[in-house]
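Encoded as structure tokens, the structure appears first; notes follow it.
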Amino acid sequence: MVDDVVSEPLAPARGRGHLGRMTSSPAARAAASGAQKSGTSAPAPAALLAWYDRHRRRLPWRAEPGRQADPYHVFLSEIMLQQTTVKAVGPYFTGFLARWPTVSHLAAAPLEEVLSAWAGLGYYARARNLHACAQAVVARHGGRFPDDEAALLDLPGIGPYTAAAIAAIAFDLKASPVDGNIERVVSRLYRVAEPLPGAKPRIKALAAALTPAERPGDFAQAMMDLGATICTPRSPACSLCPWMEPCDARAAGDAALYPVKAPKGDKPKREGVAFLAVRADGAVLLRTRPDKGLLAKMTEVPSTPWGPKPEAPEGHAPLKARWRALPGAVEHVFTHFALTLKVLRADLGAGTPAPAGHRWVTPDGFDAEALPSVMRKVLAHGGVE
DNA sequence: GAGGCGTGGCG
DNA sequence: TCGCCAAGCCT
């Protein structure tokens, strides 16, 4: 029973929590409303599936209606879509599939090629795990993805969400993936007052209770499409929603307040100095970052360490040269800090050798490098590329 | 379990 | 302009 996982007392809530009273915090308001299932009925999977049959998005990794999706396509797209928009993933998905048409092809590829193909998409641990996962699928399962949620969960880079998504979408098993879309849909349906991330277990249980035995894969994708196109974060189009009737937040008129989230702290700033060495033939001095940590194994322009305070560049330059400060700086925001990078440039003779651990790369070789966006910015700032 | 881990777009 | 956000995972 769905109500088993909802702790708030049952109370009528129509007319309460109206947008007219917006003086308290979302958390306080949501808690004060204290109501559950003020919608007029239980959310029916059939209503959502009927909506999905008419309004489903056509996406490169999706099978035609009524057809089975290729597990490798589902896997590849799900990894790429982690914390990443559909639009950004599109060309990467197409490119990967063209270059590595099966999981066995991907497993056989050198990691460096996978990293350079992934460059620009972000969260590079995903690319390393993607590669490791492909190799594990070949080694453990003979090159076929297991049609079993627990076995999928055991693979590198596949967590609870992705295991459930592949099980449901590729194999039509009764599994309930919960991503940000589904968290939002469910938290509004039931007007979940507890803030994230604490509310995750409850939302997960609610989502599982909603999942039908028939067409669980379409149901999961329908939930995501609903969250992406109707039940959006800012201004949800409730009047177009197939679940308008049973939705508690719609009844209360405060859907945009959900999901409630715990307040987050300020983002710290870091600064550093990058050394852009340019040889007379146009080659730039690059190196590979360490195996672990931020941007692991990716290509970088040499720089001082990035710290809270600007560090003196002396002693960090990769080679002895006449370094000149370029005007301005490169700004880049990572997940957990904002970076300001000043750039020093030096122009060197064509025969200058690369110091140990470094290499000269001409601009026509940049595409073969695993250059993250922040480093592309540095190169562009220095007039290279 | 809280924090590390990218990037680009949008209101 | 800038904080928020997008199909999370790992440690």
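Naming convention: chains lettered A, B, ... in sequence-line order (proteins, then strands); numbering from 1 in each chain.
- Checking A:P197 against A:A88, the closest nucleotide of DNA chain B that is more toward the 5' end is the one next to A:P197.
- When rounded to the nearest whole Å, the span between CD of A:Q82 and C1' of B:dC5 equals 12 Å.
- A sub-4.0 Å separation between OP1 or OP2 of C:dA6 and a side-chain N or O of A:Y123 is absent.
- Counting atom types as modelled, A:T335 pairs a side-chain N or O with a base atom of B:dG6 as donor and acceptor under 3.5 Å.
- The side chain of A:R234 lies closest to B:dC10, out of B:dC10, B:dG6, B:dG8.
- Taking a 6.0 Å sphere around NZ of A:K267, one finds it holds more than 12 heavy atoms contributed by other residues, nucleotides or ligands.
- Taking atom CG of residue A:L339 and atom C1' of nucleotide B:dT7, one finds them 14 Å apart after rounding to whole Å.
- Here the OG1 atom belonging to A:T211 is positioned 8.0 Å from the CD1 atom belonging to A:I182, to the nearest 0.5 angstrom.
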Quiz prompt | Base-pairing string, 5' to 3', of DNA chain B - Watson-Crick or wobble, under 3.5 Å, | interstrand | solution = .||||.|||||
Only distances under 3.5 Å count here; give the side-chain donor-acceptor pairs of residues 311-330 of chain A to other protein atoms, sequence neighbours excluded, each with its distance to 0.1 Å.
{"from": "A:E311", "atom 1": "OE2", "to": "A:H316", "atom 2": "NE2", "distance (Å)": "3.2"}
{"from": "A:W323", "atom 1": "NE1", "to": "A:L319", "atom 2": "O", "distance (Å)": "3.3"}

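- Protein atom CZ of A:R289 is 9 Å distant from nucleotide atom P of B:dG6, rounded to whole Å.
- Residues A:D225 and A:R56 are not paired through a salt bridge, judged by the lack of any N-O separation under 4.0 Å between the basic side chain and the carboxylate.
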